[in-house]
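Some notes on the structure that comes next.
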There are 2 protein chains.
Amino acid sequence: MTSDQPTPTLQDVATAAGVSTATVSRCLNFPDQVTKRTRAKVMQAVNALSYSPNFGARAMASRRTNTIGAIIPTMENAVFARGLQAFQDELHSYGFTMLVASTSYRADIEEEQIRALVGRGADALLLIGHERSPNTYRFLETQNVPTLITWAFDTSLTRPSIGFDNRKAMRDMALKVIELGHRNLAFISARTTLNDRAKARQSGIEDAMAISELRASDLHMVETVYGIEQGATAFEQVMKAASQTTAVFCGNDVLAVGALRRAREMGVRVPEDVSVIGFDDIELAEVAYPALTTVHVPHREMGWRAGKALAELVTNGTPIEAIELDANPVFRGTLAPAKG
Amino acid sequence: MTSDQPTPTLQDVATAAGVSTATVSRCLNFPDQVTKRTRAKVMQAVNALSYSPNFGARAMASRRTNTIGAIIPTMENAVFARGLQAFQDELHSYGFTMLVASTSYRADIEEEQIRALVGRGADALLLIGHERSPNTYRFLETQNVPTLITWAFDTSLTRPSIGFDNRKAMRDMALKVIELGHRNLAFISARTTLNDRAKARQSGIEDAMAISELRASDLHMVETVYGIEQGATAFEQVMKAASQTTAVFCGNDVLAVGALRRAREMGVRVPEDVSVIGFDDIELAEVAYPALTTVHVPHREMGWRAGKALAELVTNGTPIEAIELDANPVFRGTLAPAKG
DNA sequence: TTGTAGGCGTTATCAT
DNA sequence: ATGATAACGCCTACAA
């Protein structure tokens, strides 16, 4: 670096172009309110100085940031990645920037991140799932930040959501599994504390059992934290505690893949001895061997629809229309009829 | 909402607490410059109003944003996810916020994203790989934004990097493969345009061939875009065009997993008929069947070291110390000695 | 320890 | 169509 020249400001451009700052501002924001000739002069100065507007100043003066925040449980694996990419692409096409933060599935961190993004002037927020502390919702309300929920759908709530019904999706899957003759079911669940998706998925299995005249209380449940290794451990626990199990549902594909691995290590054949069912349909599911039977989640569509809805809300005030998407079973190699 | 009460400002808090705005500001930024008593009063007012500082104003007044940007090729899969999460966690512990943007592996989009993040006042930037247009580097220099390169390491360049030597890593892997008797090698590469990692990995294989007195020109190369499906297609091409191939290197695990799948579909046995080698060691690699032999990349360490380096640079001016990490072969099921 | 006041770079409302 | 100029909300010398 030769010299620490300070970044050029609007004023510098104005001086260079021989106009007022107001005119430069207009050139940049409303080009057609300005003469062709003036515009040319100004743009030339802009380029010469390679001026680029100061975000903070602009945010302060216009009281808008063109920023939309997304807060997801984790970036560690691909569960939210595909949807997020679609969300970001859509926002980008509207001229918005996406800010991401992750919570490691912890409610306290989520609240912190919400404050951080709101503090940074996010014009709106995308959140995963409905369940969080009243405090958090109160904050969002007083701050007047529009919020959209995704990865869930629940009309009984007033908050808009664009997602799918976790309970119904899991119920449909479970009905198919029961139809194949499975009676001894287990469920390896993600932590259900402040996680409505996990709870809903459990309820879905129980619904299916009730419909099929099985006793929901017979569902063998193990709750564990996220991770392949945790899924493996949980699978072993299940097989030890309830060895008659023929079908193991998992709260998500990551756990399911762990279960699959441990099954192989234990000499338990999938699907001949026990069927394994996941949820999410991320890349892992296809790649696993045998390929995982799972509930397909419309990642991309959810993402872009959410992006579009928020962009239009912020831009034109178009109210968000709740949208329920389908999440359907995908049958692959890990599910087979129950023996006998 | 009952009333559209405007967000509280520093002034509001000051009034409520019966002090000046300066005192409130100090309470928030340098708590120990203020009496315990005063602080208590102020914090109470802060909570009562649930005040949270305006980012733009703060950025403008302090000329710092406490924001560090990261620009990665894609969020679609887990390649960069683990490292990014570690990066973000480390930044967070220093009080920084991470901004992410993705480029879909396109140089023009990368440049746009760099401008966007700089425009938003990013105090520093994390970029993947060294190779980009001189224009882009010039911009970064005139804007005076410190930049750290990761996912690569090259002392011949003056730019600091914290990463690993792609060429050396791939060479080491290739040497092992050749040692196992493989002579007919193929390489399914990611696009090499403006992608120094892809090029380096290719060079690594060629280096190993040269060392082993094989003709580097005999390496059968296929270049393709990112994706499982693309890896599958490329594998088929390779086996059709060079059926004597016994070892297929892939530029990354995603392509490798695609190759694996197509091999199964084609009735080609891995590793009996052909060995498949990946790069990155993401979750997919472990989960694939057979589990993928691949080059392990120290995702997390790279991420947190990068975060620490940038945070300390921005905070204390500590210059970045380039760090070379190891990326070593991991031998799993897809590699076996060549037949005969 | 606390208060006063000027300035940070834009936008937007008025005039002209 | 263009130009003054008053906000915008916070930080930080400097003064008290």
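A note on names: the letters A, B, ... follow the listed sequences, proteins ahead of strands, and every chain is numbered from 1. These numbers were taken from a predicted model, which means no experiment stands behind them.
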For [X] and [N], give me the distance from atom [atom1] to atom [atom2], rounded to whole Å.
X        : N      : atom1 : atom2 : result
A/Gln33  : D/dT2  : CD    : P     : 10 Å
B/Asp12  : D/dC8  : CG    : C1'   : 13 Å
A/Phe55  : C/dT11 : CZ    : C1'   : 14 Å
B/Arg58  : D/dT12 : CZ    : P     : 10 Å
A/Leu28  : C/dG9  : CG    : P     : 16 Å
B/Arg120 : C/dG9  : CZ    : C1'   : 16 Å
B/Asn29  : D/dG9  : CG    : P     : 17 Å
B/Gln11  : C/dG3  : CD    : C1'   : 12 Å

Closest listed nucleotide, where the reference is the side chain of [X] and the choices are [options]:
X       : options                : answer
B/Ser25 : D/dC11, D/dC10, D/dT2  : D/dC11
A/Ala22 : D/dC10, D/dG3, C/dT2   : D/dG3
A/Ala57 : C/dT10, D/dC11, D/dC10 : C/dT10

Looking only at heavy atoms, which two atoms of B/Gly121 and B/Thr65 are closest? And how far apart?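 Answer, listing the atom of B/Gly121 first, then B/Thr65: O-OG1, 2.6 Å.
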Can you see which heavy atom on A/Pro298 is nearest to which on A/Phe164, and at what distance?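 Minimum heavy-atom separation between A/Pro298 and A/Phe164: CD-CD2, 4.4 Å.
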Want to settle it: does B/Gly56 or A/Thr38 sit nearer the 5' end of DNA chain D, counting the closest nucleotide to each?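 Closer to the 5' end of DNA chain D: A/Thr38.
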Which sits closer to the 5' end of DNA chain D, B/Met60 or B/Phe30, going by the nucleotide each is nearest to?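 Checking each residue's closest nucleotide, the 5'-ward one belongs to B/Met60.
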Phosphate OP1/OP2 of [N] contacted by [X] side-chain N/O (<4.0 Å):
X       : N      : answer
B/Arg63 : C/dG9  : yes
B/Ser20 : C/dG3  : yes
B/Thr35 : C/dT2  : yes
A/Ser62 : C/dT10 : no

Heavy-atom count around B/Arg106 CZ within 6.0 Å, excluding the residue itself: above 12?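 Not buried by this count: 12 neighbours or fewer within 6.0 Å.
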Counting heavy atoms not belonging to A/Glu321, are there more than 12 under 6.0 Å from its CD?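 Incorrect, the count does not exceed 12.
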Report yes or no: is there a donor-acceptor pair, N or O only, under 3.5 Å between the side chain of B/Arg26 and the base of C/dG3?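 Result: at least one qualifying N/O pair found.
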Considering every strand and a 4.0 Å limit on heavy-atom distances, what is the contact class for A/Leu10: base, sugar-phosphate, or nothing?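 Base, at least one base heavy atom under 4.0 Å.
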Any donor-acceptor pair under 3.5 Å linking the side-chain atoms of B/Ser102 with those of A/Gln88?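 Result is yes, a qualifying pair exists.
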Map B/Ala61 and B/Asp32 onto DNA chain C by nearest heavy atom, then report which one ends up closer to the 5' terminus.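 The residue closer to the strand's 5' end, by nearest nucleotide, is B/Asp32.
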